[in-house]
Trainee: 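There's a structure below that I have some questions on.
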Amino acid sequence: MLFLATTLFVACGGKEQKEQPEAVYESERGETAELSMSEKLKLGEKIFTGKGNCTTCHMADKKLIGPSMQDIVKGYDANGADLDAFLRGKADAIIEPAQFPMMEANLTITKKLSAVEMESLIAYMRSL
């Protein structure tokens, strides 16, 4: 019996590999779930287009009211700046800081994101 189980495990082991979870997400109702990168990107998109209210001012590749997501990510990376810290209100804006007063209201939303939600949002922003 052990031989049969081992054979099935070895034979089937390489055929269907699931994407490994990278993080655990806790919903607003307190439920937790492990998230793969593709799930994080979906969650990040949901936050970006929904409760994060980001699409009001930002597009992926073009300036709308605020700079494009591509310009923001590129600027933060080039300056070694922490996008998470900015979105949590713990660091100054480095991309178009004169427009920060318009963004400040949205920081009340991003400050409340869980660690996985923030990681997912930033992963989505980087994917654009």
Side-chain angles (χ1 to χ4, degrees):
M1 184 62 108
L2 180 59
F3 175 76
L4 179 60
T6 305
T7 304
L8 286 173
F9 178 76
V10 171
C12 296
K15 290 183 180 177
E16 201 176 311
Q17 292 184 346
K18 285 187 170 183
E19 190 174 353
Q20 291 298 313
E22 294 196 4
V24 176
Y25 172 66
E26 185 169 336
S27 73
E28 293 173 8
R29 296 185 310 219
E31 300 164 337
T32 60
E34 294 183 346
L35 300 182
S36 65
M37 179 53 83
S38 62
E39 291 169 323
K40 282 198 286 186
L41 291 174
K42 287 177 189 172
L43 176 59
E45 180 179 20
K46 183 178 175 183
I47 294 167
F48 187 84
T49 59
K51 76 177 181 180
N53 206 24
C54 308
T55 56
T56 302
C57 298
H58 301 285
M59 294 178 67
D61 59 350
K62 295 178 187 165
K63 179 177 176 65
L64 188 56
I65 295 169
S68 73
M69 286 294 101
Q70 291 173 351
D71 287 343
I72 292 170
V73 169
K74 188 165 77 173
Y76 272 79
D77 288 350
N79 288 291
D82 186 348
L83 192 50
D84 183 297
F86 168 69
L87 292 172
R88 294 211 182 272
K90 297 178 181 178
D92 293 333
I94 63 169
I95 308 298
E96 298 185 21
Q99 290 190 336
F100 177 72
M102 286 188 281
M103 170 72 180
E104 199 166 10
N106 284 11
L107 290 183
T108 60
I109 298 167
T110 58
K111 285 177 185 179
K112 295 177 186 176
L113 295 177
S114 71
V116 173
E117 287 175 318
M118 183 65 79
E119 184 180 332
S120 298
L121 175 60
I122 292 173
Y124 176 72
M125 290 167 59
R126 290 185 177 287
S127 75
L128 297 174

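From a predicted model like this one, the values you see are computed outputs, not experimental measurements.
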Trainee: When rounded to the nearest 0.5 angstrom, what distance separates CD in Q99 from SG in C57?
Mentor: 8.0 Å
Trainee: Nearest 0.5 Å please: distance from the NZ atom of K51 over to the CD atom of E117.
Mentor: 3.5 Å
Trainee: What heavy-atom pair brings A93 and F100 nearest, and what distance separates the two atoms?
Mentor: CB-CD1, 4.1 Å
Trainee: Would you kindly confirm whether I47 and M59 end up in one hydrophobic cluster when ILVMFWY residues are joined by side chain heavy atoms under 4.5 Å apart?
Mentor: no
Trainee: I need the E45 CD to L121 CG distance, nearest 0.5 Å.
Mentor: 11.5 Å
Trainee: Any idea which heavy atoms bring G52 and I109 closest together, and the distance?
Mentor: CA-CG2, 3.9 Å
Trainee: With I94, which residues qualify under side chain to side chain contact (heavy atoms under 4.5 Å, CB included), at least two apart?
Mentor: Y76, N79, A81
Trainee: Could I get the full list of side chain to side chain contact (heavy atoms under 4.5 Å, CB included) partners for I122, not counting sequence neighbours?
Mentor: L83, D84, L87, M118, R126
Trainee: Mind checking the CD1-CE spacing from I95 to M69? Nearest 0.5 Å is all I need.
Mentor: 10.0 Å
Trainee: Test: side-chain hydrogen bond (donor to acceptor under 3.5 Å, both in side chains). Region: residues 55-69. Which pairs qualify, not counting sequence neighbours?
Mentor: N53-T56, K63-E96, S68-D71
Trainee: To the nearest 0.5 angstrom, please state how far the CG atom of L43 sits from the CG atom of L41.
Mentor: 9.5 Å
Trainee: What's the spacing between S127 OG and K40 NZ if we round to 0.5 Å?
Mentor: 12.0 Å
